[in-house]
Amino acid sequence: MQPDRGKVTQVVGKVYLVGAGPGDPGLLTLKGKILLESADVVVYDALVSPEILAKIAPHAEKIDAGKRMGRHSLLQNQTTELLIAKAREHAIVVRLKGGDPFIFGRGGEEMEDLIAAGVSVEVVPGVTSGIAAPAYAGIPLTHRNYSSSVIFVTGHEMAGKYRPGVNWNAIAHSAETIVVYMGVQNLDRIAHELMTAGLAGDTPIALVRWGTTPNQQELIATLETIVEQVELHKFSAPSIAVIGNVVKLHDTLGSFYASQEST
């Protein structure tokens with residue numbers, strides 16, 4: 001059979017799920033930087049810093065798919081459909097996500113859909129804010145004198161989730177350091193649940209807002225005082241919460257950071 005010369009074979013490109021890191025452009029991986037400089041299309045999230053967006057090749061098409069509380073530029077299914085469509089038009093499509101694509105970044109969902117659509121996809125991990133933000137605040141998540149275990153949990157749960165909710169009772173007894181993503185809006189409930197589960201009210205907690213960026217702010221309190229302090233200081237998202245005795249190191253290590261920056 002002779003080929004149909006009137007039909008053009010469609011070339012399907014590749015989608016790269018790239019972690020942009022927590023904000024500091026110096027924490028973008030080398031592989032991520034190379035892909036931004038060579039991409040045909042970049043579909044990016046709201047929390048990707050302007051300094052990292054500036055690294056995108058001038059010729060690339062840039063599409064804001066950012067999700068912020070109360071405002072979605074694109075719904076999740078629309079974002080995936082967009083990626084599939086762009087991969088059928090271009091060779092290199094970058095899905096640029098804040099932090100790491102697979103740590104509360106919906107990267108797994110997007111990868112599943114892309115594979116189901118027959119699109120080639122690769123993950124480029126990024127530095128997650130749950131590790132980087134505390135580090136920039138002088139809070140090590142593990143320390144031989146304070147904590148030998150750490151657990152990461154989301155404080156913002158999706159409606160219709162596969163289970164009723166986070167088991168805060170289990171979380172309270174699972175690790176010595178608890179890192180909560182996207183938890184500021186539910187902090188009252190989270191603190192209550194953890195204390196009900198047996199954590200002492202004077203357990204230290206730190207909130208780190210806009211971690212690793214020049215606008216980074218920290219709020220140190222305890223489980224029983226954190227909600228009052230958040231209201232007093234009007235502390236808002238995006239913030240990472242760190243709960244546990246490692247927060248006590250902030251006074252020493254965090255102040256050292258501050259003194260180094262001022263010299």
Side-chain angles (χ1 to χ4, degrees), residues 15-76 78-80 82-83 86-87 90 92-107 110 122-138 154 156 179 181-185 207-219 233-241 254 257-258 260-262:
V15 174
Y16 295 85
L17 303 178
V18 176
D24 183 344
L27 297 180
L28 176 68
T29 65
L30 179 58
K31 188 168 187 177
K33 178 177 180 291
I34 292 171
L35 283 168
L36 291 182
E37 293 171 344
S38 56
D40 300 302
V41 181
V42 178
V43 180
Y44 61 91
D45 277 348
L47 294 181
V48 177
S49 69
E51 293 82 3
I52 290 176
L53 293 178
K55 298 182 183 300
I56 299 173
H59 70 269
E61 180 183 2
K62 304 173 186 67
I63 303 173
D64 181 359
K67 299 177 181 64
R68 298 294 290 275
M69 185 168 297
R71 180 187 68 82
H72 284 194
S73 292
L74 290 176
L75 298 176
Q76 187 61 49
Q78 293 175 323
T79 299
T80 305
L82 175 65
L83 293 173
K86 293 299 179 182
H90 301 282
I92 302 176
V93 178
V94 170
R95 174 70 171 108
L96 189 61
K97 307 177 79 67
D100 178 88
F102 278 4
I103 303 295
F104 305 120
R106 303 188 183 183
E110 292 179 4
E122 180 179 334
V123 177
V124 180
V127 179
T128 181
S129 58
I131 293 174
Y136 272 50
T154 176
H156 176 70
V179 179
Y181 290 67
M182 303 170 286
V184 172
Q185 300 300 322
L207 297 184
V208 185
R209 184 173 188 262
W210 292 114
T212 80
T213 74
N215 298 320
Q216 177 171 311
Q217 298 174 320
E218 296 127 37
L219 180 63
H233 295 280
K234 295 180 169 47
F235 213 84
S236 60
S239 299
I240 288 290
Y257 267 136
Q260 292 295 298
E261 291 174 356
S262 62

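Keep in mind that what you see is a predicted model, and the values were worked out from it rather than measured. Only heavy atoms go into these numbers, but all of them, side chains included; no hydrogens, no water, no symmetry mates.
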- [ ] Go through the steps for Val127 and Thr212 under the test side-chain contact (heavy atoms from CB on, under 4.5 Å), then give the verdict.
- [x] CA-CA 11 Å; Val127 179; Thr212 80; over 6 Å; no
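- Exactly one residue among Leu17, Val42, Ile63 makes a side chain to side chain contact (heavy atoms under 4.5 Å, CB included) with Leu96. That residue is Val42.
- Partners of Thr128 according to the side-chain hydrogen bond (donor to acceptor under 3.5 Å, both in side chains) rule, which considers only residues two or more places apart in sequence or in another chain, are Tyr181.
- Contact between Ala65 and Arg95 at its shortest, heavy atoms only, is CB-NH1, 4.5 Å.
- With sequence neighbours excluded, the residues forming a side chain to side chain contact (heavy atoms under 4.5 Å, CB included) with Thr80 are Gln76, Ile84, Glu110, Asp113, listed by chain and number.
- Asp40 places a side-chain N or O within donor-acceptor distance of the main-chain N or O of Ile92, the cut-off being under 3.5 Å.
- A distance of 11.5 Å separates OG1 of Thr154 from CD1 of Ile103, quoted to the nearest 0.5 Å.
- Taking Ser236 as the reference, Arg209 meet the side-chain hydrogen bond (donor to acceptor under 3.5 Å, both in side chains) condition, with sequence neighbours excluded.
- The distance from the NZ atom of Lys97 to the CZ atom of Phe104 is 13.5 Å, given to the nearest 0.5 Å.
- Here side-chain hydrogen bond (donor to acceptor under 3.5 Å, both in side chains) pairs that include residues 20-33, with residues two or more places apart or in two chains, are Asp24-Tyr136, Lys31-Glu122, Lys33-Glu37.
- Contact detail for Gly32 and Val124: the closest heavy-atom pair is N-CG1, 4.1 Å.
- Between the NZ atom of Lys234 and the CG atom of Leu219 there is a distance of 13.0 Å, given to the nearest 0.5 Å.
- Between Leu207 and Phe235, the closest heavy-atom pair is CB-CE2, 3.6 Å.
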inquiry  = Between Glu61 and Lys86, is the side-chain contact (heavy atoms from CB on, under 4.5 Å) condition met? List the steps.
reply    = CA-CA 10 Å; Glu61 180 183 2; Lys86 293 299 179 182; 3.1 Å; yes
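- Not counting sequence neighbours, the partners of Glu218 by the side-chain hydrogen bond (donor to acceptor under 3.5 Å, both in side chains) test are Gln216, His250.
- Of all heavy-atom pairs between Pro125 and Pro101, the closest is CA-CD, 4.3 Å.
- Expressed to the nearest 0.5 Å, how far CD1 of Ile131 lies from CG of Asp100 amounts to 9.0 Å.
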Pairs under 3.5 angstrom only: tabulate donor-acceptor contacts from the side chains of residues 48-56 to other protein residues two or more places apart or in another chain.
from, atom 1, to, atom 2, distance (Å)
Ser49, OG, Gly23, O, 3.0
Ser49, OG, Ile52, N, 3.4

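- Here the closest heavy-atom approach between residue Ala60 and residue Ala39 is recorded as CB-O, 3.4 Å.
- Taking every heavy atom of both residues into account, Pro22 and Leu27 meet most closely at CG-CD1, 3.6 Å.
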